[in-house]
Amino acid sequence: MILHTVNKSPFERNALNSCLGHAEAGSAVLMIEDGVYGAMAGTQVSATVSAALANVKVYVLGPDLAARGIAENKVLAGIQVVDYGGFVDLVAANSTVQAWL
Amino acid sequence: MILHTVNKSPFERNALNSCLGHAEAGSAVLMIEDGVYGAMAGTQVSATVSAALANVKVYVLGPDLAARGIAENKVLAGIQVVDYGGFVDLVAANSTVQAWL
Amino acid sequence: MSEGKIKQFLYLNRKAPYGTVYALESLEVVLIAAAFDQDVSLAFVDDGVYQLAKGQDTKAVEMKNFSPVYNALGDYGITKLYVEKESLDERGLTLDDLMNVIYEDENDDYAEKPSIRLVSRAEMAAMMETQDIVLSF
Amino acid sequence: MSEGKIKQFLYLNRKAPYGTVYALESLEVVLIAAAFDQDVSLAFVDDGVYQLAKGQDTKAVEMKNFSPVYNALGDYGITKLYVEKESLDERGLTLDDLMNVIYEDENDDYAEKPSIRLVSRAEMAAMMETQDIVLSF
Amino acid sequence: MKFAIQINEGPYQHQAADTAYLFTKAALEKGHEIFRVFFYHDGVNNASSLTAPPQDDRNVTQRWSALAKQYNLDLVVCVAAALRRGIIDDNEAKRNGKSASNVAEGFRISGLGQLIEAGIQADRLVVFGD
Amino acid sequence: MKFAIQINEGPYQHQAADTAYLFTKAALEKGHEIFRVFFYHDGVNNASSLTAPPQDDRNVTQRWSALAKQYNLDLVVCVAAALRRGIIDDNEAKRNGKSASNVAEGFRISGLGQLIEAGIQADRLVVFGD
């Protein structure tokens, strides 16, 4: 399966939307850099991301959450927080990495 | 009045939307670079841009249309095509320039 | 340095911090601008509102945490930080999620006052129209 | 050079030409990739579909018009250009607005065949899942 | 009329660097004055004397140098942004113990105050970026 | 496992340059092999030996040089992208009549074939960009 990475704010760009529109059932999506805003609860895109969780596994990079002042309790239920080591493990566990730049 | 410039594709980023949401009646909007895609007729954003024409003057940079293969007859009615000289004239004619980067 | 002209300078911040350098280097300009006796305003619109988020901790990304600088702006006479309510709403944020940026009002016995001015999109647009120079990053 | 391994290489193009360099420098990689005997596909998704627009004329912007290179890809054995229908639709485009990119099929008496494969978003997603290496620009 | 120009992006990667040049040239040809061109963020990379683009493409840096010579332009590169990105003149090379300098002809390195001053002195500031 | 890394953006301007480094370091610390780090587009600017960031900030270029030394990494800068942007080694400086070179320790300039080869030889390619 593919590990999709998204590093753009979903409020500024179409990367997350396009990624979710192409991610096959069972694949993984990792939000990094400004992409981590997509993991927050209570935003205009939360419903879209929550719905996607039925289909794909979603991860978010903890160091990028912390840098931006997003407490982990503000992250949508069902999204798993990982560190750089976890990012490495996700790359190893999936056969291909596809960056939505 | 302000001359607003938009250089991003409205399909990739929120710059055009945000610009139109802040442009006061009578102000001018100039689309340049990848922003010129916002001037095309028949797209998913054409209706928004057409509606904005009731409120603001919209211009598009001809050299950027040509580079991207957009014929002038594909440009929405009411949008005026200008060249770099016309861009200069718009800057001179408006008191402030605000770039929506 | 200003040779007597006083202009309205607007610093337009529409991008999130850290993902790109714009927020940091915009602040660096604002700090220099303070020396010029101009009328300085900062606008936080769209993802720019994230720049003021509380609790930023950049240790693990190994970048400089520049968020404390916003609170120092008052000492430089920069006290007008316009934050757009619609931008906060879309992002599920309220003023409570932002840093409490304050300044001491020298015309009011150095009383502490909030630098952040929460405005609607319409008010933001009207404020923009009063500016002479807009620096976008 | 390939030491016997044949992998599926996907070049993912999601950005418009000229506004940024990615489309041009992506093509430069693709041309080099042709020497490596790998299985190469190009995907044009979102604003990437604009890269294939007909009639590009860059004289007035003083940039290099690289759009003719797409038509030379067939000579390098690169014949799979996947274009997403939904991306075209959103932008008010049809295949008629794109260049007629063709290749000569050496297994079919050098008959001219279209390199562009119009696919749905679902088909594009399924094609992506078959790839080993995805280069994004 | 007196214009000031701010450029936030480097050459080739973003068209902003091209548009800024073509706008500046058009303004000069219409008889306007360019008070200053200020290179900020990655825009400082426009000043690199070490670029060698393909012969059949435009040379962004040389184009600026030539325009500066023709119209006596003031091309200012922000020192803080430039040091971060490896654009340095002889002075900064000495001060920072670097073996070389790489600021092209017609550009000078100076502080952010030059941007504010340009905003004050010019009738318009036009910003090109990403 | 064998990873290859592609970096499309320059230092400081985009976090991509930071994330790529931190990912690479984490992979090495977990015992993975980094077959090659390939710098493309503005990513070539990570290789500039002339950067001098503020003392209280990270030094992106030196960080790569140190990691390369520690783990014997292959840091490859695309020659075509580098020439466009003014990153040149002694060879290219001579060939292009430039007065200086500016490739930092641990980086080497080579062709795009090195990126393709990395894609073929590595188990995974991870791309960092804008």
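None of the values given here were measured: they were computed from a predicted structure. Hydrogens, waters and symmetry mates are skipped; everything else that's a heavy atom, side chains included, is used. Order of the sequence lines fixes the chain letters, A, B, ..., with proteins taken first and strands second; residue numbering starts at 1 for each chain.
With A/Val88 as reference, F/His32 is the one residue of F/Met1, F/His32, F/Arg124 to meet the side-chain contact (heavy atoms from CB on, under 4.5 Å) rule.
With a 4.5 Å cut-off on non-hydrogen atoms, F/Asp123 touches chain A through its backbone but not through its side chain. Heavy atoms closer than 4.5 Å to chain F are found in the backbone of A/Asn94, but not in its side chain. Using a 4.5 Å cut-off between heavy atoms, F/Leu22 contacts chain A through both its backbone and its side chain.
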- Message: Determine whether F/Gln15 and A/Asn7 satisfy the following criterion, side chain to side chain contact (heavy atoms under 4.5 Å, CB included), listing intermediate values before the conclusion.
- Response: CA-CA 9 Å; F/Gln15 197 188 352; A/Asn7 71 335; over 6 Å; no
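Heavy atoms from other residues, nucleotides or ligands lying under 6.0 Å from CD of A/Glu72 number 12 at most. Enclosure of atom CD in F/Gln62 is not indicated, since only 12 or fewer non-hydrogen atoms of other residues, nucleotides or ligands lie within 6.0 angstrom. Counting non-hydrogen atoms of neighbouring residues, nucleotides and ligands closer than 6.0 angstrom, the NZ atom of F/Lys94 reaches no more than 12 such neighbours. Heavy atoms from other residues, nucleotides or ligands lying under 6.0 Å from CD of F/Glu105 number 12 at most.
Scanning both residues, F/Leu125 and A/Val97, for their nearest heavy atoms gives O-CB, 3.7 Å. Shortest non-hydrogen contact noted between F/Asp130 and A/Lys8 is C-NZ, 2.8 Å. Minimum interatomic distance between F/Phe23 and A/Tyr84 (heavy atoms only, all atoms of both residues): N-CD2, 4.2 Å.
Ranked by heavy-atom pairs shorter than 4.5 Å toward chain F, the options A/Gly85, A/Ala15, A/Pro63, A/Ala92 are led by A/Ala92.
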